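Sequential numbering from 1 along the given sequence is applied to the chain's residues. Everything quoted here is computed from the prediction, not taken from an experiment.
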Amino acid sequence: MTFGIAAGADIWDAPSLDGRLEPLDLEALILKVRRQETPAAAALYRLVKRLRRFEMPTFRPLHLALYYERRTRRNAWSNLKRVLYYQPIFRVRCEEVGPGLHLEGGIPLILGHLRLRIGSGVRISGTTTFTGATRSPDPVLQIGDGSYVGYQVMISVGTRVSIGRHVLIANRVFLAADDGHPIDPIARRSEPGSGTGSIEIEDDVWIGESAIVTKDVRIGRAAIVATGSVVTRDVAPFTVVGGNPARVLKQIDAEGRAELPDER
């Protein structure tokens, strides 16, 4: 293989119709190297492959210190943003909010004229969405003391969504108290929805990941909704439900009920 101008021209230039050399764009050059169309392109391809396989030797004391330094620095910066920026901004958007609010990783997206009432010690993922129905004159979202709202939860409020105390809402749950569109296909072209309703979740409920709860549903105290369930009707207290549509799977034993204090 020759070097110098000829080798450079071998990769970088392409002959035009009249025999002159014209510059190749970057995408064409990359494609030429990946296809190894010329000796120079093949050599460059092998060099890139060797560079991609290169690994920095691990020096355990040094890299362990760097690992903990990075983790500490990122946690400190995240907490600083949460305390000084995210939480104060979210608080001013709320109608009521108790002490001990903890936002994880940002500020929830709030859409519409939604009224927010947040209790004490509530933890909410910053990657969540709260919406208020346009057709509702006064949509209200209330979250009780000590409750947790997980990652990518979507709460669409019709007239009201009430979440009790010590409720656990896992990741990607959808509380749908507002219909997105009418059933009639012609009406869907112009109307934003077909109706609003409410959802009530009582104290100590646990809703599993990716579950859906539709409007006009009440979930009783300490009930459990299994992962991926679709709840379309009321759930009795101390009941485990699952499936699509959700049905009763079991009752929570009497001993567990007796140990649960009543804070109401």
Participant: Start with the C-alpha gap between R165 and D204, add the side-chain angles, then the distance that decides, and say whether side chain to side chain contact (heavy atoms under 4.5 Å, CB included) holds.
Facilitator: CA-CA 6 Å; R165 297 178 178 182; D204 297 289; over 6 Å; no
Participant: Any side-chain heavy atom of L80 within less than 4.5 Å of one from W77?
Facilitator: yes
Participant: What I'd like to find out is whether the side chain of S156 reaches to under 4.5 Å of the side chain of F174, using heavy atoms alone.
Facilitator: yes
Participant: Working to the nearest 0.5 Å, report the span between OG1 of T134 and CG of D178.
Facilitator: 8.0 Å
Participant: With N171, which residues qualify under side chain to side chain contact (heavy atoms under 4.5 Å, CB included), at least two apart?
Facilitator: Y148, Y151, E209
Participant: Output yes when D138 and R115 qualify as a salt bridge under the 4.0 Å nitrogen-oxygen rule, no when they do not.
Facilitator: yes
Participant: Side chains of I219 and I207: closer than 4.5 Å at any heavy-atom pair?
Facilitator: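 Of all side-chain heavy-atom pairs linking I207 with I219, at least one is under 4.5 Å.
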Participant: A side-chain contact here means heavy atoms from C-beta on lying under 4.5 Å apart; do L141 and I155 qualify?
Facilitator: yes
Participant: Are any side-chain N or O atoms of S229 and backbone N or O atoms of A226, one a donor and one an acceptor, separated by less than 3.5 Å?
Facilitator: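 Flag set: sc S229 to bb A226 pair under 3.5 Å.
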Participant: Where the side chain of T239 meets the backbone of P237, is there a donor-acceptor pair that is under 3.5 Å apart?
Facilitator: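 The answer is yes, because a donor-acceptor pair under 3.5 Å joins these two groups.
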Participant: Any link between V153 and W206 through a network of hydrophobic side chains (Ile, Leu, Val, Met, Phe, Trp, Tyr) touching at under 4.5 Å?
Facilitator: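 No; W206 is not reachable from V153 via cluster members.
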Participant: Treating S147 as the side-chain partner and I143 as the backbone partner, does any N or O pair qualify as donor plus acceptor under 3.5 Å?
Facilitator: no
Participant: Considering only heavy atoms from C-beta outward, does the side chain of R93 approach that of I110 to under 4.5 Å?
Facilitator: yes
Participant: Take atom CZ in R233; do more than 12 heavy atoms of anything else shown fall under 6.0 Å from it?
Facilitator: no
Participant: Do E37 and K32 sit within salt-bridge range, that is, some charged N less than 4.0 Å from a carboxylate O?
Facilitator: no
Participant: Just do the side chain to side chain contact (heavy atoms under 4.5 Å, CB included) check on D234 and D216 with the steps written out, would you?
Facilitator: CA-CA 8 Å; D234 291 354; D216 299 327; over 6 Å; no
